[in-house]
Amino acid sequence: MASFILRRIAVSVLILLAASFIMYVLAANSGDPLRDLRGGNPATEAQLIAARTAALDLDVPAPLRWFLWLGGAAQCLIPFANSCDLGLTLNNAEVATILPSAMLSTLQLVTVATLSAILLGVVVGIVTALRQYSGFDLTITFVSFFLFSLPSFLVAVLLKEFIAIGFNNFLQQGGAIPAVTVIVIAIVAGLIWQVLIGGPLRRRLTVFAISAVATGVVLGYMAVSEWFQNPGLGPVGILVGVAVVAIVTTLLVSGLGNRRALTTAGISAALAFVAYFALQGLFDISSVWTLLFVFLATVVVGLAIGWLLGGPDRGQSMRAGAITIGVSMVLVFLDRFMQSWPDYVNSSRINGRPIATIGSQTPGFNGDVWLTGIDSFTHLLLPTIALLLISFAQYTRYARAGLLEVLNQDYIRTARAKGLPERTVVMRHAFRNMLIPIATIVATDVGALLGGAVITERVFAISGMGNLFATSLGRTDLNPVMGYFLVIAIVAITFNFLADLAYAALDPRVRVR
Amino acid sequence: MTNTNRWARRSAAAVAAAGVTALVLAGCTTGGTEGGDDAAEGGTITVAVTNEVTSLNGSTPQGNLDTNGMVGYLTGTTGSSGGASLGGFYTLDEEFNIVHNDNIGTYEKTADDPLTVEYKLNDGLKWSDGEDITADDLLVGWAIGSGYYNDATLDEATGEPTSGTQYFQLAGSTDGLDTTAMPEISEDGLGLTLVYGEPFVDWELGNLLDKPAHVLAEQAGVTEEEFIQVLMDTPKGDPANPVEPNETLKAAADFWNTGYDFTSMPTDESLLVASGPFIMSDYTPNQSMTFSKNPEYTGEDVPAYDELVLRFVPDANAQVTALQNGEVNAIYPQASADTLTALENANQTVIEGDQLSYDHLDLNFGSEVFADANVREAFLKTIPRQQILESIITPINPSAEVLNSQIFVPANTEYTDAVAASGYDAYAEPDIEGAKELLAGATPTIRILYNTDNPNRVDSFQAIQASATEAGFIIEDAGSPDWSSLLPGGEYDASIFGWISPGAGNSALAQIFKTAGGGNYNKYSNAEVDEMVDAAQTELDPEALGQLKVQIDAATAADFYGLPLFQSPGLFATNGTVDGIEFFGNQTGIVWNAQDWTIAE
């Protein structure tokens, strides 16, 4: 094992050196870093060219200049010396200082999108595999390929037009939904639900009718009560929410037959409901850390309840308790965010048009954790959706294929034959093995994460890694290009390495030597 | 273990847990709800611009970028090389006339021989940190702009000094001010008198208010008095006899050169010190910069609103949707036909005009084929300038016209006279027959150099190629992405590229038209023009100067120097929430009259 790791590290360093040299020379020859100065203002042109040449050693040929760059970059290896010298940009900014801020913007942008893509993709993939060739499966297949083939700039423009400008106009005009729209949305919702649930015609009709009427009533109520101006779940909404969370969690974790788990989930949900009333005062003076602490504390409480009530199979109850109370607290937080929504929308910097199309925050906007949270949400909503739609498709396909393959294996047939309930077969025996190939994809995806999303970043004016790379390469600004290269090369190599190790950990048949 | 013991321990654990919880919560909470809304009552105007801010000093080679220039213009510490600013001695009007800025002080020419200019600051002016603005600050501005103390000999190739010291690194030139002697400061400490060694045409561009003296002094580790004393005592630099650099001056200059470059909100507030109506108050890296009112500003250019926010949005279409969505009140995108269409579809108010950069076709006087004036004239007669304009510029700016002067732009008052004298307007449409007559059957080969990466230049080249071929010319495509490094070489017969007209000021004349001038790539040489250019550099009478420039324009036209083609179009837009936005063609761009904007009701 140790020799394997050492060998991998040695090889990685060599790869990094060779790749950086090739990258440096190619990027240096891709254009003229003095282009913006030439043929500009005749009076000062020669002077400006001379100044830039001197500042960036442009008179040294690129292959030799690489050694100068390497000499500075190598200083990053000296621990605690803080002497990292990745060179200067054309505008005299230190690459070592602009890289972290670019990385931060990118992480902020892609983290939520990637996590929700994995979660949604895997869930939808599992459902489609379980209902292979059903109407739902075919619809999702169609939708995911459709989304996968949409160019991200087009998605971005559509999102801006309809979700940002359209929704903001809707809010500004008082949030009234015409009756016709309500009916159309209700019918569409009904159609979608009957496809999802499936079954014989009679059942489909019932599902259609119920869901259409329910959607219509809820939408109508929202319009009449001006819900979009003053959103909130309210005590009733929270109560219904936590109850559903408790039942669904138990169903997935242990099955409703496990009374101890069900009781744990019920008590956890009840506690979350109590917390909804008890913690409002604390929420008003909360910081991000308070919320994190409250969340973790409640999860611990959920685990404790499961431990106390769990009996012989404590693990199941503890999981049910923790997941139930965690998700329920998220609902409680969500309600509190909604309570701050009117304050946010009516702030003079927002002017009644909350959904933003550029940047990641409103300049000069200050407020408590709820208001700044909403500000981040309104800014990152569109780019997150744009990224999500594309990677979602990929995960759905992998999850579906993975589960189908696993379900056809002998041990699944054995499990079914010995009379295990279908829930146990899928959640215990199939699900975990399905995760092996997904884990590899996730590992490489995380490596690609930091590379940024060039187009999405540019269209939404977020200056992350992708934007840094694209603009710098466009100006033949070598040092930031190399800084970008260094970060993503190291991350990619590291995560490939980790994926190899993860394989060995997940699959006993693989040995690392 | 007894039951009592177990209970005691459990309650102790519970109490401990509760205690920890209380502690953590106490440590992690805030003082209570703050209003999410700290915008003051006067309102905020937000403008989207294309490029990011990189430095608070736009006068250095690396800081010389358009958005940095806007910041200098608004806050007012641009110095002589940064040019016009709201907190300096002059601003420009829409015709690029120099307007003296009474809010700061006055300056006037008191004698022609030797040229003497008296600067006088208004009494009671203060920097935004409360320090007085005095003649000491003007002396510092002069020291920076004149390069008085430099004794460096620069290596032609690398620009690095081979001997001596180059103190302040300017993006602009020290021409003019470099002939001045050590200025005299008046007794009241508010005035300063400059005596030029030789007459200098652009003396009015000598804005002596640069970065504050007290800030540079502090950065150099001395008091303001000591710093001024150093400036007064240090002798003029002589490149022939370089001396040891003055430590204080070097420290101050080094700070001025790079200390104002930033990548996050500067922690040192002295960097933000402003003399103009605006002061930078907040900066989010790569996203936005906020300006609020300078509390110490006493002039008349106080904005009617509280905050000006510049948001950096490189993508023009993203700017348009942000404008449509009301996130910004106005935008300043790179002009293109697509952007214009998007703005029109979104029903936004578009404000168009011409920028100061212009494309032109130059004939190489060093090439054999153009040695014959008839060939030059014939070639110019084939240039389809109207067609080029209509295919490249009209889609962006429908009211654009062909540029008919090498020196003036239509916004200048002298433009009409210049066109009348030069007759460039006769070349609007190609005259193929006339060209054929002049060629008399000859078929000269013309190599045209242009930038193949610039679609506008490619279009221009193709239009010229098609038209000139009709008249019998054989056009060789000498275009290259490396056109700029080929430009001085002369391995071509004609070149298509762009200059940025200064708008105000005359420094480009000698560079472009004088024999062996720095920007005279086409080896143009005319003794008469050389004389006129020299005369123009020392002409102090504006009327006579205008006449001289018109004559230079006409003389180059008579020599068939080449043809100006068009000005690049510029584009602002607003969504109707701001009144008072007007077009301006130079680098200051949209914010040039930000002090006059009002928020629409």
Side-chain angles (χ1 to χ4, degrees), chain A residues 32 35 38-55 59 90-94 97-98 101 105 157 160 164-165 168 282 284-287 289-290 293 297 343-344 347-349 351 353 356-361 363-368 371 458-461 463 471, chain B residues 21 24-25 28-34 36-39 44 46 54-55 61-65 154 157-160 169 171-173 258 261 263 282 284-288 290 307 309 311-315 318 321-322 324-327 482 484 487 497-500 502 507-508 511-512 518-519:
Chain A
D32 177 10
R35 186 173 45 216
R38 298 194 202 269
N41 192 338
T44 56
E45 187 188 316
Q47 206 176 334
L48 294 176
I49 288 179
R52 185 175 290 176
T53 308
D59 46 342
L90 295 188
N91 303 327
N92 194 38
E94 296 238 4
T97 59
I98 58 173
S101 81
S105 317
V157 170
K160 284 182 179 190
I165 297 175
N168 286 339
L282 177 66
D284 287 343
I285 53 167
S286 285
S287 68
W289 302 110
T290 327
F293 176 74
D343 282 351
Y344 177 77
S347 144
S348 73
R349 286 185 192 273
N351 256 325
R353 298 185 69 86
T357 61
I358 49 167
S360 58
Q361 68 192 75
F365 183 84
N366 289 312
D368 60 15
L371 290 171
R458 184 170 171 87
V459 174
F460 290 103
S463 297
T471 10
Chain B
T21 311
V24 171
L25 286 181
C28 294
T29 47
T30 60
T33 26
E34 302 148 29
D37 190 6
D38 63 345
T44 301
T46 307
T54 66
S55 177
Q62 79 277 8
N64 181 29
L65 300 166
L154 296 184
T158 63
E160 292 192 65
Q169 314 269 354
S173 80
T258 57
D261 299 346
T263 51
D282 196 13
T284 311
N286 304 326
Q287 293 208 22
S288 64
T290 307
E307 277 185 355
V309 180
R311 296 196 72 166
F312 314 127
V313 185
D315 188 63
T321 39
Q324 210 183 343
N325 195 26
E327 284 166 81
D482 298 324
S484 52
L487 205 49
F497 65 106
W499 284 133
I500 299 168
S507 58
Q511 300 283 335
I512 300 181

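In what follows, chains carry the letters A, B, and so on, assigned in the order in which the sequence lines appear, proteins first and then strands, with residues in each chain numbered from 1.
- Here the closest non-hydrogen pair linking A:Arg353 and B:Gly326 is NE-N, 4.4 Å.
- At a 4.5 Å heavy-atom cutoff, the contact between A:Asn91 and chain B is made by backbone and side-chain atoms alike.
- Of the two parts of B:Thr263, only the side chain, counted from C-beta on, holds a non-hydrogen atom closer than 4.5 Å to a non-hydrogen atom of chain A.
- Annotation: side chain to side chain contact (heavy atoms under 4.5 Å, CB included) contacts of B:Ala322 (sequence neighbours excluded): A:Thr357, A:Ile358, B:Glu327, B:Val328.
- Neither the backbone nor the side chain of A:Ala297 comes within contact range of chain B; no heavy atoms are under 4.5 Å apart.
- Using a 4.5 Å cut-off between heavy atoms, A:Arg458 contacts chain B through both its backbone and its side chain.
- Both the backbone and the side chain of B:Val313 come within less than 4.5 Å of a heavy atom of chain A.
- Only the side chain of B:Ser288 comes within contact range of chain A, judged by heavy atoms closer than 4.5 Å.
- Neither the backbone nor the side chain of B:Gln169 comes within contact range of chain A; no heavy atoms are under 4.5 Å apart.
- Both the backbone and the side chain of A:Ser360 come within less than 4.5 Å of a heavy atom in chain B.
- A distance of 9.5 Å separates CZ of A:Arg52 from CG of B:Asn64, quoted to the nearest 0.5 Å.
- Of the two parts of B:Asn325, the backbone and the side chain both hold a non-hydrogen atom closer than 4.5 Å to a non-hydrogen atom of chain A.
- Qualifying salt bridge (Lys or Arg N to Asp or Glu O under 4.0 Å) partners for A:Asp32, counting only residues two or more places apart in sequence or in other chains: A:Arg38.
- Of the two parts of A:Ile98, only the side chain, counted from C-beta on, holds a non-hydrogen atom closer than 4.5 Å to a non-hydrogen atom of chain B.
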